[in-house]
Structure formats: structure tokens, C-alpha cells
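In the text below, chain A, chain B and the rest are named by the order of the sequence lines, each starting its count at 1. When reading the values below, keep in mind they use all heavy atoms of this one structure, side chains included, and skip hydrogens, waters and symmetry mates.
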2 protein chains.
Amino acid sequence: MKNIQSYIENTFSFSPLEIEKILKCFTLKSFQKKEYFLREGQYCKNVGFVEKGNFIYYQIINGEEKICDFAFENDWVSHYKSLLGNIPSEINIKALENSELYLLNIDKMEELSQTLPKVNLIRSTLAEQYFTKSTQRATNLINLDAKNRYQALLKEIPFIHQRVPQYYIASYLGIKPQSLSRIRSEK
Amino acid sequence: MKNIQSYIENTFSFSPLEIEKILKCFTLKSFQKKEYFLREGQYCKNVGFVEKGNFIYYQIINGEEKICDFAFENDWVSHYKSLLGNIPSEINIKALENSELYLLNIDKMEELSQTLPKVNLIRSTLAEQYFTKSTQRATNLINLDAKNRYQALLKEIPFIHQRVPQYYIASYLGIKPQSLSRIRSEK
DNA sequence: GTTTTTCATTCACATAGGTGAACAAAGGAA
DNA sequence: TTCCTTTGTTCACCTATGTGAATGAAAAAC
């Protein structure tokens with residue numbers, strides 16, 4: 001069974017018929033390694049469900065790629081602010097591996113929630129997930145030192161070293177690659 | 001005219017009739033200085049519009065009050081995660097001054113958006129505002145040093161020193177009161 | 001395969017911010 | 001007013017993380 005189907009079945013309580021109806025609105029799209037889901041300046045018109053692979057979110061600040069999020073299988077991919085506000089994206093979202101997304105167009109989502117109001121659940125879950133992630137990140141940055149942020153990340157995403165280069169991990173943690181190296185050698 | 005009325009008129013394009021209908025769903029509540037809008041462990045059932053006064057959001061971490069947000073006139077007050085997810089709040093929201101909120105119950109909001117779908121605009125604006133604030137905070141914590149975070153905050157809320165004790169400002173910036181003092185004397 | 005580029009490690013040194021103490025200033029309560 | 005509590009400042013010293021360079025390892029390109 002597809003990840004997206006079991007995700008929707010397990011996360012919400014939709015009937016088989018509803019699930020079919022929902023799934024019909026998604027389209028499957030493959031992304032090559034390094035291909036973009038969204039680039040700075042573009043309008044984000046879709047939410048994507050990661051069926052396979054992974055993506056990073058980043059901004060270019062002072063010429064450096066600053067990683068602000070990761071998405072793996074069963075995560076949603078989208079730029080909330082651009083999607084909701086209908087404004088150009090400030091961030092880039094790029095596949096790190098060959099990946100597959102189930103895409104749902106924002107207009108189609110609106111349409112779908114007209115005929116199936118329960119779909120708003122998906123929408124608010126998405127919002128909540130994004131919001132929770134970003135506040136948690138700010139909280140960690142304030143309250144934990146780099147070593148503890150690293151350990152918290154490992155706990156949350158144990159396989160991250162297998163799938164993301166270390167300098168991206170360092171960037172996400174808000175430290176330099178050398179510092180992450182030092183932290184790892186201290187353990 | 002009430003702040004809430006001009007806010008809604010200026011931010012969205014509702015007809016006078018719609019505005020009247022919307023405003024009827026809000027109730028005005030006064031808060032004494034130090035009175036709570038929401039305490040850790042409670043379920044957040046309202047969004048509040050700050051008509052007058054101000055509020056801080058904080059968590060207790062290692063026995064310390066860690067400020068994670070401020071709300072002044074024309075800001076919304078709510079704990080998004082608790083409100084949407086129907087889970088106990090992890091944070092406290094407290095009036096710093098004698099304040100007034102226009103409260104809208106979440107169930108009433110649902111009801112209202114049935115009869116007046118445009119109300120969803122308010123809702124998504126709220127979500128977007130919260131989301132934007134928290135990602136911006138994380139971005140600042142990663143990319144700016146304490147001095148620049150302080151200057152960014154002053155630019156965003158120029159009157160903050162008149163209305164919030166300095167040690168709360170330091171906490172929000174993720175530094176100690178002594179450090180903020182040092183930064184201020186360097187300028 | 002070989003070469004080139006990218007990524008990770010280590011080191012010596014620099015710097016921002018934390019720590020704890022002492023003190024001053026401001027504000028509330030009486 | 002006076003006293004007491006809260007808030008802000010300054011200082012000397014400490015620690016975590018940044019910086020830049022050198023080196024090695026791994027991956028990609030040829």
C-alpha cells in the first residue's frame with residue numbers, strides 16, 4: 001500500500017469512499033536528486049506528501065545556504081506562508097534524493113473541502129504540524145546548547161546521518177560544520 | 001471607533017453588515033495586570049483581539065520564565081496548537097498591563113464560518129501571522145547575534161521599553177539581562 | 001583506473017555571551 | 001516620608017562556538 005494511503009487512513013477517520021475521493025485529487029510526481037519543489041520567488045500552489053525520498057528547505061543568507069527544515073517520508077512539503085498568503089516564496093525546497101511526492105493543488109484542496117468538509121482536518125493538521133515544528137525549533141535554539149540540540153535532532157530523526165550531509169545538519173542546528181565535528185568527537 | 005472594528009475593516013473587505021455580524025460574535029473581557037488569558041495545562045478555547053494593553057507568552061523552563069512572544073494592541077492572542085489540536089497548553093499568556101480583549105470562542109468561529117465563509121480569511125490570516133512570527137524568530141536566532149536581534153526587535157516594536165521590563169526583553173532575545181545591559185551600553 | 005571536487009576532521013586562537021557578585025536605581029507598600 | 005522589593009548596571013572571569021588553515025577521506029567526474 002502507498003504511504004499516503006496508510007497515512008490518511010491512520011491519521012484521520014475517513015471512510016474508504018472518502019479516502020478514494022481524496023486520493024483522486026492528488027497527482028504523483030517524481031523529483032530527481034537536486035530538483036526543486038519550490039524556488040525563492042515562486043508562488044507555492046501545492047502541498048506535497050513525501051511518498052519517497054527527502055527534501056530540504058533553505059534560504060540563502062549572506063551567500064550561505066541556511067537549512068531551515070527537512071522533510072522525509074510521510075511528511076508534508078509546502079511553504080505555508082506563500083501558499084496561504086499567495087505571495088512569492090522566500091525559501092527554496094529541494095530534493096536531496098530521488099523522490100516522489102503526491103501533490104495536491106491548493107485550489108483543488110479548496111474545492112475538495114467544499115464537498116468534504118472533513119478535509120479541513122487535513123489542512124489544520126498541516127498548519128499545526130508546521131507551526132509546532134517552527135516554534136519547537138525556536139524553543140530549542142533558546143534553551144539548548146548546540147550539543148543538546150544535536151542530540152534532540154538525533155532523537156527525532158535517528159537516521160539523519162544516513163540521508164543528509166553533515167554540513168546541512170550543522171546549518172539546521174545553527175552552528176558551523178567544524179563545531180558539529182567537535183561535538184561529535186566529544187561524545 | 002473600536003480598534004477591532006477598524007482592524008477588521010482595514011484588513012479584510014467585509015460589508016458593514018458582515019462586520020456587524022462578525023463583531024456580534026465577540027465578547028469584551030477586561031484583564032487586570034498579571035491576570036492570565038491562558039495557563040499551562042488549560043485548553044485554549046478562544047482567540048482574543050487586543051483592544052488595549054499587552055500580553056506576554058512564556059514557558060517555565062528549568063525554573064525560569066522564558067518569554068516566547070508579546071502581543072500589543074491589534075495583535076491576536078491565542079495558543080494555536082492548543083486551540084487547533086484541542087490539547088492542553090504548554091504555555092502561559094498573561095497581561096502585563098490592565099488590558100481588554102475581544103474574545104471569540106473557537107466553536108463560535110466554526111459556526112460563523114459556516115454562515116459566512118469569508119471568515120476563514122480571518123482564520124488563515126491568524127494562522128499565517130503566528131507561523132510567520134515563529135519562523136522569523138527562529139531565523140533571527142540562527143542568523144543574527146544578540147545585538148542585531150535586539151535592534152531588529154526595536155525596529156519592529158519601537159515602544160517596547162516603555163511597556164515591557166528589560167529582563168523580559170532579554171529573555172525573548174535569548175540572552176541574560178546582564179548581556180542586554182552590556183549591549184545597550186555599547187551602542 | 002586517475003584526477004578533481006566535495007565533505008569531514010583537527011588544531012590554535014579569537015570573540016560573544018554566560019556567571020556570580022556588588023551595587024545603584026526605581027517603584028510599591030506602609 | 002521610609003523601608004523593602006524589584007529591576008537594571010557594571011565588572012572580572014569563564015565557556016561555547018566561530019574562524020581560518022591544514023589535512024585526510026569520500027565521492028564525483030573524467
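Ion pair A/Lys176/A/Glu64 flagged as a salt bridge, since at least one NZ, NE, NH1 or NH2 atom sits closer than 4.0 Å to an Asp/Glu carboxylate oxygen. Ion pairing between a basic and an acidic side chain is recognised when a charged N comes within 4.0 Å of a carboxylate O; A/Lys24 and A/Glu20 show such pairing. Between A/Glu9 and A/Lys2 there is no salt bridge, since none of the side-chain N atoms of the basic residue sits less than 4.0 Å from a carboxylate O of the acidic one. With respect to A/Glu97 and A/Arg163, a salt bridge is recorded, a charged nitrogen being found less than 4.0 Å from a carboxylate O.
Between B/Ile60 and B/Tyr58 the shortest side-chain heavy-atom distance falls below 4.5 Å. Here the side chains of A/Lys94 and A/Tyr36 are in contact, with some heavy-atom distance below 4.5 Å. Side chains of A/Cys44 and A/Phe37 form a contact here, defined as non-hydrogen atoms less than 4.5 Å apart.
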Taking only N/O atoms, report every protein-nucleotides 24-27 of chain D pair under 3.5 Å with atom names and distance.
none

Could you list the protein-to-nucleotides 5-12 of chain C atom pairs, N/O on both sides, closer than 3.5 Å?
{"unit_1": "C/dC7", "atom_1": "OP1", "unit_2": "A/Tyr167", "atom_2": "OH", "d": "2.7"}
{"unit_1": "C/dC7", "atom_1": "OP2", "unit_2": "A/Tyr167", "atom_2": "OH", "d": "3.3"}
{"unit_1": "C/dA8", "atom_1": "OP1", "unit_2": "A/Gln166", "atom_2": "N", "d": "2.7"}
{"unit_1": "C/dA8", "atom_1": "OP2", "unit_2": "A/Tyr167", "atom_2": "N", "d": "3.1"}
{"unit_1": "C/dT9", "atom_1": "OP2", "unit_2": "A/Gln166", "atom_2": "NE2", "d": "2.5"}
{"unit_1": "C/dT9", "atom_1": "OP2", "unit_2": "A/Ser181", "atom_2": "OG", "d": "2.6"}
{"unit_1": "C/dT9", "atom_1": "O5'", "unit_2": "A/Ser181", "atom_2": "OG", "d": "3.0"}

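For the pair A/Asn148 CG and D/dT17 C1', the computed distance is 14 Å after rounding to whole Å. Atom CG in A/Leu141 sits roughly 12 Å away from atom P in D/dT17 (whole-Å rounding).
An OP1 or OP2 oxygen of D/dT19 is reached within less than 4.0 angstrom by a side-chain nitrogen or oxygen of A/Lys176.
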message: The test is side-chain hydrogen bond (donor to acceptor under 3.5 Å, both in side chains); show your working for B/Ser134 and A/Ser134 and say whether it passes.
response: CA-CA 6 Å; B/Ser134 88; A/Ser134 85; 2.3 Å; yes
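Looking at A/Phe159, A/Phe49, A/Phe55 one by one, the single match for ring-ring contact (aromatic ring centres under 6.0 Å, His included) with A/Phe72 turns out to be A/Phe159.
For NZ of A/Lys66, the number of neighbouring non-hydrogen atoms (other residues, nucleotides, ligands) closer than 6.0 Å is greater than 12.
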query: Quick one: what's the B/S/- string for nucleotides 24-30 of chain C, heavy-atom cutoff under 4.0 Å, read 5' to 3'?
result: -------
